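One-based numbering along the sequence shown. Hydrogens, waters and symmetry mates are skipped; everything else that's a heavy atom, side chains included, is used. Just so it is clear, the model here is predicted, and its values are computed rather than measured.
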Amino acid sequence: MEEHNNGISLQKNEKNEPAGVSGTSTAVQTPLGSNTKFCKFCGGQIPMEAVICTACGRQVEQLQGGNLQQPSQIVINNSNSANASATATVGMPTGKKKSKWVCFLLWLFLGLFGGHKFYDGKIGTGIVYIFTLGFLGIGWFIDFFRILNKPNPYYV
């Protein structure tokens, strides 16, 4: 069964329902003589020139001037506080501030017993220095050059 109403063709089946649809009471309206297409998301009928579906509001076509070969650029705004604080403190010294000359004096008078290692917070190495007398003096001698090459102040 087919009706004409102000230039709009309504097709209904025997149950007085739209053709191809069962269980609904809405009629499919198709303007006579105009170019229309169907939305690929909701199936609604939209004008041929439409870029956005008038029924569901989703974009069905590329915008004019859009290049199909070049993918769109994705922008990610990450406000993760852990990453933000890590990048904000780049170049800033961390740890406890220590004096090069205090470490040198501890090395000079208590170096064989690891006094300068305890000052740096290296407790395990300091204990080893106590029992081995600075690795038999070899570690104590090497630490002389290490301490003199440190900046003042240094951070541990």
Side-chain angles (χ1 to χ4, degrees), residues 1-104 106-107 114-130 135 139 142-156:
M1 174 180 239
E2 189 171 318
E3 295 179 16
H4 293 285
N5 187 7
N6 292 336
I8 297 175
S9 171
L10 299 176
Q11 295 179 353
K12 297 183 181 180
N13 58 13
E14 296 167 359
K15 297 180 185 176
N16 212 11
E17 294 178 346
V21 178
S22 60
T24 61
S25 62
T26 59
V28 178
Q29 298 180 0
T30 58
L32 292 176
S34 68
N35 294 330
T36 59
K37 61 182 176 182
F38 293 98
C39 173
K40 58 185 173 182
F41 298 105
C42 70
Q45 196 169 15
I46 57 175
M48 187 61 78
E49 302 85 27
V51 177
I52 297 175
C53 177
T54 55
C56 67
R58 294 184 69 180
Q59 183 175 347
V60 293
E61 297 291 332
Q62 286 287 334
L63 297 175
Q64 290 181 354
N67 189 357
L68 294 177
Q69 280 82 21
Q70 184 180 15
S72 61
Q73 209 168 11
I74 298 172
V75 178
I76 300 173
N77 293 325
N78 187 1
S79 62
N80 188 353
S81 62
N83 289 340
S85 65
T87 56
T89 60
V90 171
M92 298 293 295
T94 58
K96 295 183 180 179
K97 185 177 176 181
K98 302 290 182 175
S99 173
K100 170 183 181 174
W101 300 113
V102 170
C103 187
F104 179 76
L106 286 170
W107 170 84
H116 61 292
K117 294 294 184 179
F118 287 107
Y119 178 71
D120 283 346
K122 299 176 181 176
I123 307 300
T125 309
I127 293 171
V128 171
Y129 267 52
I130 289 173
F135 288 120
I142 291 172
D143 286 343
F144 169 74
F145 297 104
R146 287 187 180 176
I147 292 171
L148 290 181
N149 286 324
K150 289 181 181 182
N152 192 25
Y154 67 97
Y155 297 89
V156 179

Student: I'd like to check the side-chain hydrogen bond (donor to acceptor under 3.5 Å, both in side chains) partners of Y154; sequence neighbours left out, ordered by chain and number.
Tutor: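 With sequence neighbours excluded, Y154 shows a side-chain hydrogen bond (donor to acceptor under 3.5 Å, both in side chains) to D120, given in chain and number order.
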Student: With salt bridge (Lys or Arg N to Asp or Glu O under 4.0 Å) as the rule and sequence neighbours excluded, what pairs involving residues 37-48 come up?
Tutor: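 Found K37-E61.
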Student: What pair of heavy atoms forms the shortest contact from Y155 to G95, and how long is it?
Tutor: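 Reported closest heavy-atom pair: CD2-O, 3.9 Å.
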Student: Who are the side-chain contact (heavy atoms from CB on, under 4.5 Å) partners of I52, not counting sequence neighbours?
Tutor: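 Here no residue qualifies.
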Student: So, taking the atom named CD1 in I147 and the one named SG in C103, what distance separates them when rounded to the nearest 0.5 Å?
Tutor: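 Here the rounded value is 4.0 Å.
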Student: If the condition is salt bridge (Lys or Arg N to Asp or Glu O under 4.0 Å), which residues does K96 pass it with, not counting sequence neighbours?
Tutor: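 Not a single residue meets the salt bridge (Lys or Arg N to Asp or Glu O under 4.0 Å) criterion with K96.
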Student: If you take all heavy atoms of V60 and C39, which pair is closest and at what distance?
Tutor: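 So the minimum-distance heavy-atom pair works out to CG1-SG, 3.6 Å.
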Student: Specify the closest pair of heavy atoms between T36 and Q45, including all atoms of both residues, with the distance to one decimal.
Tutor: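 Minimum heavy-atom separation between T36 and Q45: OG1-NE2, 3.0 Å.
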Student: Look up atom CD1 in I123 and atom CZ in F118, then write down how far apart they are to the nearest 0.5 Å.
Tutor: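 If I round to the nearest 0.5 Å, the distance is 5.5 Å.
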Student: If you round to the nearest 0.5 Å, how far is CG of L148 from CG of D143?
Tutor: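 One finds 10.5 Å between CG of D143 and CG of L148.
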Student: Given 3.5 Å as the limit, does a donor-acceptor pair link the side chain of Y119 with the main chain of F104, or not?
Tutor: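 Pair absent, no side-chain N/O of Y119 close to backbone of F104.
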Student: About how many Å separate NZ of K98 and CG of N152, when rounded to the nearest 0.5 Å?
Tutor: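 Result: 13.0 Å between the selected atoms.
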Student: Could you work out, with ring-ring contact (aromatic ring centres under 6.0 Å, His included) as the rule, every residue matching F144, not counting sequence neighbours?
Tutor: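 If we apply the ring-ring contact (aromatic ring centres under 6.0 Å, His included) test to F144, skipping adjacent residues, the hits are W107.
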Student: Could I get the full list of salt bridge (Lys or Arg N to Asp or Glu O under 4.0 Å) partners for K100, not counting sequence neighbours?
Tutor: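 K100: no salt bridge (Lys or Arg N to Asp or Glu O under 4.0 Å) contacts found.
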Student: Checking F135 now: which residues fulfil ring-ring contact (aromatic ring centres under 6.0 Å, His included) with it, not counting sequence neighbours?
Tutor: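 So F135 forms a ring-ring contact (aromatic ring centres under 6.0 Å, His included) with Y129.
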Student: For residues 48-58, which residue pairs pass the side-chain hydrogen bond (donor to acceptor under 3.5 Å, both in side chains) check, not counting sequence neighbours?
Tutor: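 Every pair satisfying side-chain hydrogen bond (donor to acceptor under 3.5 Å, both in side chains) with a residue in residues 48-58: there are none.
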